[in-house]
Amino acid sequence: MADLRSKFMNVYSVLKSELLEDPAFEFTDTSRQWVEQMLDYNVPGGKLNRGLSVIDSYQLLQHGRELTEDEIFLASALGWCIEWLQAFFLVLDDMMDGSHTRRGQPCWFRLPKVGLIAANDGVLLRNHIPRILKKHFRQKPYYVDLLDLFNEVEFQTASGQMIDLITTIDGEKDLSKYSLAIHRRIVQYKTAYYSFYLSVACALLMSGEELDKHIDVKNLLIDMGIYFQVQDDYLDCFGDPETIGKIGTDIEDFKCSWLVVKALELSNEEQKKTLHENYGNPDPAKVAKVKALYKELDLQGVFAEYERLSYKKLTSSIEAHPSKAVQEVLKSFLGKIYKRQK
């Protein structure tokens, strides 16, 4: 795995060099330096799970045979396109949320020299993806399907972000709008398509498969993505900031988090009143009241039960799939996220 990771990182260096020499734009030393710093700061810093999953999934779809150098390169390039997409979303997301840290360092827009230039950097990150695809996949029979896939997933993710943002508009804070159905809808579009489905869809296309024939796989991965986000919501409040690399602010930000939705579901009138009065306020005393209520309602226990049932349901759905290779792909995804701490 360490070897695969270092090969993956080498492909990042190749793609970055190509982008910095892109003949469609006449770079100056200053602009080339800016883009290089921006890429190094925002693209390779995460866990790289989404990107590495393309290689893992492709290999499993090839029944575990050893991949050629060319196959590793192409699967890595698609993996990096997903990491580029992730960087584009996060750079803009952090600005919209007014976040302070990301992956244990200040958000890109918080750097004194960057500020609002980060908005254009986000647009650049998004535009690097078709440049990479054109250079390395233009001659492939699935080239148009790849473009279509990235465009569609970007549209779904941006639309999910939109529902999330308009549900939390300042001055219109109304907890009664929040429900498990709304939570699921936000998560499905904002997170699940690009974090779970996209990697496997890339691997399927590379394997010569038609995505329309794998709707069941898409639905399973969406369910997995929802489970992943519920874990994220849980860790935002109960996780260790040192481990997860950021300080959770879902309570302060009035987020439609799984925890607040479950709390509303389980609360009596008095407890609901506490939530309505304190949720969505940056005052540490109010945040502490919400956290105390979460403990009172034993949301840690409720989450543990949710995790157990989700795992059981996902496992039985995976085992029902007719293709052993696809089963292996889905099992590897579930194995990576089950009971994670970050």
Side-chain angles (χ1 to χ4, degrees), residues 1 3-5 7-12 14-15 18 48-86 126 128-157 188 192-225 314 317-337:
M1 182 65 198
D3 181 43
L4 186 61
R5 199 182 176 91
K7 279 186 180 172
F8 188 60
M9 286 309 301
N10 289 342
V11 175
Y12 168 74
V14 172
L15 298 175
E18 289 171 353
L48 306 180
N49 285 343
R50 294 170 183 81
L52 289 164
S53 294
V54 180
I55 314 169
D56 292 343
S57 301
Y58 180 70
Q59 185 160 26
L60 291 167
L61 290 171
Q62 303 306 307
H63 305 282
R65 71 168 170 80
E66 197 165 333
L67 303 181
T68 66
E69 286 300 312
D70 189 47
E71 284 176 313
I72 291 173
F73 182 88
L74 290 175
S76 298
L78 289 180
W80 280 113
C81 285
I82 299 175
E83 294 295 338
W84 247 268
L85 188 68
Q86 155 92 332
R126 166 63 185 97
H128 284 161
I129 297 165
R131 309 303 294 166
I132 295 169
L133 294 176
K134 182 178 178 181
K135 183 158 182 74
H136 296 285
F137 295 90
R138 200 176 181 186
Q139 305 307 321
K140 301 291 179 193
Y142 52 87
Y143 176 55
V144 172
D145 294 317
L146 273 178
L147 289 173
D148 201 32
L149 174 67
F150 273 90
N151 285 336
E152 185 163 292
V153 168
E154 184 198 349
F155 168 65
Q156 288 167 318
T157 310
Q188 175 178 344
Y193 282 104
Y194 96 91
S195 296
F196 284 80
Y197 173 60
L198 186 52
S199 305
V200 177
C202 284
L204 285 166
L205 287 175
M206 254 188 87
S207 303
E209 295 285 335
E210 289 176 41
L211 296 182
D212 289 348
K213 293 179 180 167
H214 292 281
I215 302 299
D216 52 347
V217 174
K218 181 196 266 192
N219 292 336
L220 241 163
L221 286 160
I222 296 309
D223 284 343
M224 227 180 274
L314 287 165
S317 301
I318 291 168
E319 284 167 356
H321 196 280
S323 158
K324 278 277 178 274
V326 171
Q327 276 194 33
E328 289 305 312
V329 170
L330 296 169
K331 278 180 181 168
S332 94
F333 263 79
L334 188 54
K336 282 176 195 161
I337 63 169

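- Ile318 and Gln327 get closest at one heavy-atom pair: O-CG, 3.2 Å.
- In this structure, the side chains of Leu221 and Val200 come closer than 4.5 Å at one or more pairs of heavy atoms.
- With a 4.5 Å cut-off on side-chain heavy atoms, Leu78 and Leu74 do not count as touching.
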Handout entry: Full working for side chain to side chain contact (heavy atoms under 4.5 Å, CB included) between Met206 and Leu61
Key = CA-CA 10 Å; Met206 254 188 87; Leu61 290 171; over 6 Å; no
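- Closest of all the heavy-atom pairs between Ser76 and Ile55 is OG-CD1, 3.3 Å.
- Here the CD atom belonging to Glu319 is positioned 5.0 Å from the NZ atom belonging to Lys331, to the nearest 0.5 angstrom.
- Among Arg50, His128, Met9, the single residue meeting the side-chain contact (heavy atoms from CB on, under 4.5 Å) criterion with Trp80 is Met9.
- Looking only at side-chain heavy atoms (C-beta outward), Val14 and Phe73 come within less than 4.5 Å of each other.
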Practice task
Apply side chain to side chain contact (heavy atoms under 4.5 Å, CB included) to Leu149 and Tyr197, showing your working.
Solution key: CA-CA 10 Å; Leu149 174 67; Tyr197 173 60; 3.9 Å; yes
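- Sparse packing is recorded around CZ of Arg138, with 12 or fewer heavy atoms of other residues, nucleotides or ligands lying under 6.0 Å away.
- The closest donor-acceptor contact from the side chain of Gln59 to the backbone of Arg65 lies under 3.5 Å.
- To the nearest 0.5 Å, the span separating CD on Gln86 from CG on Leu48 amounts to 9.5 Å.
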Exercise for the section: Take Ile72 and Tyr58 through the side chain to side chain contact (heavy atoms under 4.5 Å, CB included) test and state the conclusion after the steps. Expected result: CA-CA 9 Å; Ile72 291 173; Tyr58 180 70; over 6 Å; no
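- Looking at His63 and Lys324, their side chains never come closer than 4.5 Å, going by heavy atoms from C-beta outward.
- The main-chain N or O of Val329 is never found under 3.5 Å from a side-chain atom of Ser57 such that the two would form a donor-acceptor pair.
- Residues Tyr193 and Lys218 form a side-chain contact, since some pair of their non-hydrogen atoms from C-beta on lies under 4.5 Å apart.
- Contact check for Thr157 versus Leu85: no side-chain heavy atoms found under the 4.5 Å cut-off.
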Practice task
Could you give me the CA-CA distance, side-chain angles and deciding distance for Ile82 and Cys202, then say whether side chain to side chain contact (heavy atoms under 4.5 Å, CB included) is met?
Solution key: CA-CA 9 Å; Ile82 299 175; Cys202 284; 4.2 Å; yes
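- Taking CG of Leu334 as the start and CG of Asp223 as the end, the distance is 11.0 Å to the nearest 0.5 Å.
- Within the 4.5 Å cutoff, no side-chain heavy atoms of Phe196 are placed close to those of Leu220.
- Considering every non-hydrogen atom in both Asn49 and Ser53, the closest pair reads O-OG, 2.6 Å.
- Looking at every heavy atom in both residues, Ala77 comes nearest to Val11 through N-CG1, 4.0 Å.
- Atom CD of Glu152 is separated from atom CG of Leu198 by 11.0 Å, given to the nearest 0.5 angstrom.
- The two residues Leu211 and Ala201 make their nearest non-hydrogen contact at CD2-O, 3.7 Å.
- To the nearest 0.5 Å, atom CG of residue Asp56 and atom CG of residue Leu4 are 6.5 Å apart.
- Separation of the Trp84 and Tyr12 ring centroids falls under the 6.0 Å cut-off.
- No side-chain heavy atom of Glu154 sits under 4.5 Å from any side-chain heavy atom of Tyr194.
- Geometrically, Lys336 engages Phe333 in a cation-pi contact, judged by NZ or CZ lying under 6.0 Å from the ring centre and within 45° of the ring axis.
- When all heavy atoms of Gly79 and Val54 are compared, the pair lying nearest together is CA-CG2, 3.7 Å.
- Remark: Lys134 NZ to Gln139 CD distance equals 11.0 Å, nearest 0.5 Å.
- Formation of a donor-acceptor pair under 3.5 Å by the Asp148 side chain with backbone atoms of Val144 is not found in this model.
- A donor-acceptor pair is defined here as one N or O able to donate and one able to accept, closer than 3.5 Å; such a pair exists between the side chain of Glu83 and the backbone of Gly51.
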